[in-house]
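Worksheet: the structure to be examined is printed underneath.
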Amino acid sequence: MKILLVQPKSSGFMGQISRSGKAGFARITLTTLAALAPPEHEVVIHDARLSEPDYENDWDLVGFTGMTCEIPHVYAMADRFRAAGKPVVIGGYHASALPEEARRHADIVVVGEAETLWPIILAECADGGPRQEIYRNENFIDMRAMAIPRRDLLDQDMYAVLNTLQATRGCPFDCEYCAVTKFFGRSFRSRPVAEVVDEIRRQPGRRWMFLDDNLIAKPDYAKELFEALIPLGITWGAQAAITMARDPELMDLYAAAGGRYAFIGFESISAGALASIRKRFNQPDRYREDVRQLHRRGITIMGSFIFGMDDDDLGVFRRTVEFVDATRIDIPLYNILTPLPGTALYAKMDAEGRIHDRNWAHYDICHSVIHPNRMTSAELQNGYYWAVRQTYRLPHILRRIVRPDPGWKGRLGASYTYRRKAFQYCPPPPDPQKYENS
Ligand code: B12
Ligand code: SF4
């Protein structure tokens with residue numbers, strides 16, 4: 001069969017293509033699906049963030065993945081392909097949470113991981129057509145002998161980091177807003193370390209990015225992995241919980257293995273707010289020392305914060321901006337609390353009648369779609385804009401990133417990228433003094 005796999009686009013701060021046609025780091029969703037397809041099939045990957053897909057070609061099957069914020073674009077393209085007589089399959093996080101909705105735009109919906117189902121679906125499609133409309137993966141896959149993503153099918157020059165991979169899936173924690181635990185349960189699975197090392201060795205290039213949800217969730221596994229990465233001489237980044245900063249051996253190995261930066265979900269500087277989202281393992285009174293420990297080892301911190309939790313009042317924006325500057329969190333990333341379908345947060349907010357906007361395009365973590373507890377939805381939106389713009393003003397950037405340890409060029413470059421986006425995507429709020437003085 002001739003199969004087309006399509007990467008959709010979305011609005012919002014992250015995941016966009018720059019003016020020069022560059023994307024950040026490559027997702028491995030479609031490249032993994034391509035690798036899972038038996039060799040008799042021809043697979044083409046198209047990035048619809050750059051151009052329209054070819055609706056007229058003689059595709060035997062068109063496949064889409066999609067986060068919630070990307071799903072309106074997926075549905076629009078899927079409808080056009082189906083009108084042109086091409087069968088459509090949709091999978092990924094949003095379709096897994098709301099398969100009946102996705103079914104209205106697809107011939108086949110896949111719920112959960114594709115590793116075992118995709119080859120079966122392709123065989124059925126090649127042999128008379130699918131036997132089901134909704135395929136559900138009932139058991140989590142074993143992470144041994146994983147398909148190696150077909151990176152050769154991507155535009156090699158388009159991504160800042162083409163070499164992305166996963167060593168683990170899932171997370172043992174259970175934060176209320178997180179889509180990962182709904183999708184993977186609270187399971188945490190890992191690949192054999194030797195197989196991860198082998199994947200890296202076989203691919204040219206020394207810059208890597210782990211797409212794991214929390215690479216250090218099981219410290220013993222992470223330490224074994226980091227030790228095995230040391231001889232490879234690569235540099236990389238990963239998402240990691242702040243619990244890492246309480247384990248000196250783990251941090252030492254992270255840095256020695258080439259871990260140059262870490263995406264860390266601080267989420268809030270209020271213990272009450274953290275309790276409200278079931279993230280009690282984050283301890284704000286330790287954050288300063290946690291950051292210091294990571295910086296001492298040369299690890300650049302991309303620190304994520306969420307606005308709009310039940311404990312947050314109008315002062316949360318100013319307090320957070322002051323905190324990231326004082327703590328010198330290198331690249332702060334702000335999100336608006338968003339009830340993604342399928343999460344515990346969605347169920348709670350829905351039951352309380354607090355979701356006012358169900359346009360999925362707005363579920364990009366940059367739009368307020370809820371009624372917060374201690375401010376209005378408009379105040380949440382404008383406070384977010386104020387905080388992003390304030391954080392990426394030049395004096396604030398310099399206050400955070402200038403320190404004696406090496407790596408300042410990387411910190412400056414990344415800060416400038418976010419500064420450009422901050423001023424592009426976040427308009428000045430009409431009432432800045434409200435946030436400055438609260
Ligand atoms: C890389 C990544 C990004 C990159 C994307 C780069 C790009 N080129 O687009 C960046 C950093 C830009 C990003 C941004 C965002 N992301 Co993101 N991101 C991820 C991450 C870490 C990895 C994705 C990946 O490659 N996974 C590995 C592949 C193999 O797994 P998979 O995608 O789940 O695919 C498997 C199955 O789902 C299934 N499947 C998936 N699609 C399909 C399709 C078909 C046809 C079939 C059969 C099967 C199938 O089969 C695959 C193999 O088993 C995931 C978390 C994660 N662990 O997956 C979050 C994740 C996808 N992101 C998420 C979110 C919310 C966002 C943001 C909205 C917010 C934010 N601040 O992070 C932005 C918005 C981006 C945008 N487009 O506007 C959520 C999505 C939840 C949801 N319901 O929408 C996730 C799950 C993280 C989370 N903690 O909840 N992200
Ligand atoms: S620690 Fe991160 S990945 Fe794990 S449940 Fe919480 S938000 Fe999700």
Side-chain angles (χ1 to χ4, degrees), residues 9-27 49 67 69 158-161 164 207 209 211 235-240 242 259-269 287 291 294-295 298-308 316-338 364-368 381-403 405 407-429 432 435:
K9 66 181 169 189
S10 70
S11 59
F13 209 101
M14 309 272 283
Q16 304 297 335
I17 307 285
S18 72
R19 262 172 281 167
S20 57
K22 285 263 181 198
F25 46 89
R27 234 146 110 182
R49 295 176 298 175
M67 303 185 206
C69 61
M158 183 175 156
Y159 297 92
V161 184
T164 50
R207 274 184 76 200
M209 169 76 197
L211 300 182
T235 60
W236 48 272
Q239 294 188 78
I242 191 63
R260 292 285 177 273
Y261 52 103
F263 290 83
I264 295 179
F266 293 88
E267 321 305 13
S268 177
I269 53 174
Y287 282 169
V291 169
L294 290 162
H295 279 167
I299 300 170
T300 292
I301 301 175
M302 311 191 78
S304 160
F305 292 83
I306 301 175
F307 296 131
V316 70
F317 307 105
R318 180 189 45 76
R319 287 193 299 272
T320 305
V321 171
E322 286 172 5
F323 178 82
V324 297
D325 285 355
T327 322
R328 298 182 148 193
I329 289 176
D330 304 278
I331 320 285
L333 305 169
Y334 298 140
N335 307 293
I336 293 179
L337 184 69
T338 303
D364 56 7
I365 327 282
C366 312
H367 286 87
S368 173
Q381 186 69 63
N382 286 322
Y384 163 83
Y385 288 149
W386 179 85
V388 175
R389 293 176 68 94
Q390 192 73 2
T391 296
Y392 283 97
R393 289 175 57 206
L394 201 52
H396 290 254
I397 292 178
L398 294 176
R399 201 173 308 158
R400 289 193 304 271
I401 67 165
V402 175
R403 0 175 243 284
D405 59 327
W408 66 269
K409 275 190 193 158
R411 295 197 289 271
L412 188 63
S415 297
Y416 253 90
T417 304
Y418 281 97
R419 178 183 155 86
R420 241 194 345 262
K421 287 189 186 181
F423 289 92
Q424 184 181 350
Y425 287 99
C426 300
Y435 308 103

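All values derive from a computational prediction rather than experimental measurement.
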Please report, to 0.1 Å, the donor-acceptor pairs under 3.5 Å made by any side chain of residues 416-429, with sequence neighbours excluded.
residue: T417; atom: OG1; partner: G413; partner atom: O; Å: 3.0
residue: R419; atom: NH1; partner: Y392; partner atom: O; Å: 2.9
residue: K421; atom: NZ; partner: F13; partner atom: O; Å: 3.4

Counting distance only, does the side-chain N/O of [X] pair as donor-acceptor with the main-chain N or O of [Y] below 3.5 Å?
X: S304; Y: E267; answer: no
X: R260; Y: T300; answer: no
X: D330; Y: I301; answer: yes

Nearest non-hydrogen partners of [X] and [Y], listed with the distance:
X: L333; Y: M302; answer: CD1-CB, 4.3 Å
X: S10; Y: C69; answer: CB-O, 3.6 Å
X: Q239; Y: L211; answer: NE2-O, 4.4 Å
X: I269; Y: F305; answer: CG2-CE2, 4.2 Å
X: S415; Y: I397; answer: CB-CG2, 3.5 Å
X: I331; Y: A414; answer: CD1-CB, 3.6 Å

Hey, does W408 have a side-chain heavy atom less than 4.5 Å from the side chain of I401?
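Counting from C-beta outward, I401 and W408 never come under 4.5 Å.
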
Contact between I329 and F323 at the side-chain level, heavy atoms closer than 4.5 Å - yes or no?
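The answer is yes; the side chains approach within 4.5 Å.
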
Aromatic rings F307 and Y334: how do their planes relate, parallel, tilted or perpendicular, breaks at 30° and 60°?
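Taking Y334 first and then F307, their aromatic rings sit tilted (interplane angle of 30° to 60°).
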
Test of understanding: with side-chain contact (heavy atoms from CB on, under 4.5 Å), list the residues that count as partners of Q381, not counting sequence neighbours.
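Result, side-chain contact (heavy atoms from CB on, under 4.5 Å) vs Q381: I336, H367, S368, Y384, Y385.
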
Apply side-chain contact (heavy atoms from CB on, under 4.5 Å) to I365 and list each qualifying residue two or more places apart in sequence or on a separate chain.
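Only N335, T338 meet the side-chain contact (heavy atoms from CB on, under 4.5 Å) criterion with I365.
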
Drop me the distance from H295's NE2 to R403's CZ, to the nearest 0.5 angstrom.
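That separation rounds to 3.5 Å.
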
What's the separation between atom OG1 in T391 and atom CZ in R399, rounded to the nearest 0.5 Å?
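Answer rounded to 0.5 Å: 10.5 Å.
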
After noting the C-alpha distance and the side-chain angles of N382 and Y435, does the key distance pass the side-chain contact (heavy atoms from CB on, under 4.5 Å) rule?
CA-CA 9 Å; N382 286 322; Y435 308 103; 3.3 Å; yes

Could you walk me through whether H396 and V321 pass the side-chain contact (heavy atoms from CB on, under 4.5 Å) test, one step at a time?
CA-CA 9 Å; H396 290 254; V321 171; 4.1 Å; yes

Enumerate the residue pairs fulfilling salt bridge (Lys or Arg N to Asp or Glu O under 4.0 Å) with a member in residues 9-18, sequence neighbours excluded, ordered by first and then second residue.
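Listed once each, the pairs would be none.
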
Can you name the residues that form a side-chain hydrogen bond (donor to acceptor under 3.5 Å, both in side chains) with R49, not counting sequence neighbours?
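Result, side-chain hydrogen bond (donor to acceptor under 3.5 Å, both in side chains) vs R49: D47.
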
If the condition is side-chain hydrogen bond (donor to acceptor under 3.5 Å, both in side chains), which residues does R400 pass it with, not counting sequence neighbours?
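side-chain hydrogen bond (donor to acceptor under 3.5 Å, both in side chains) list for R400, sorted by chain: D325.
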
Any chance you could lay out the side-chain contact (heavy atoms from CB on, under 4.5 Å) test for M209 and F25, step after step, and finish with the verdict?
CA-CA 8 Å; M209 169 76 197; F25 46 89; 4.1 Å; yes

Worked verdict on I264 versus L294 for side-chain contact (heavy atoms from CB on, under 4.5 Å):
CA-CA 11 Å; I264 295 179; L294 290 162; 3.6 Å; yes

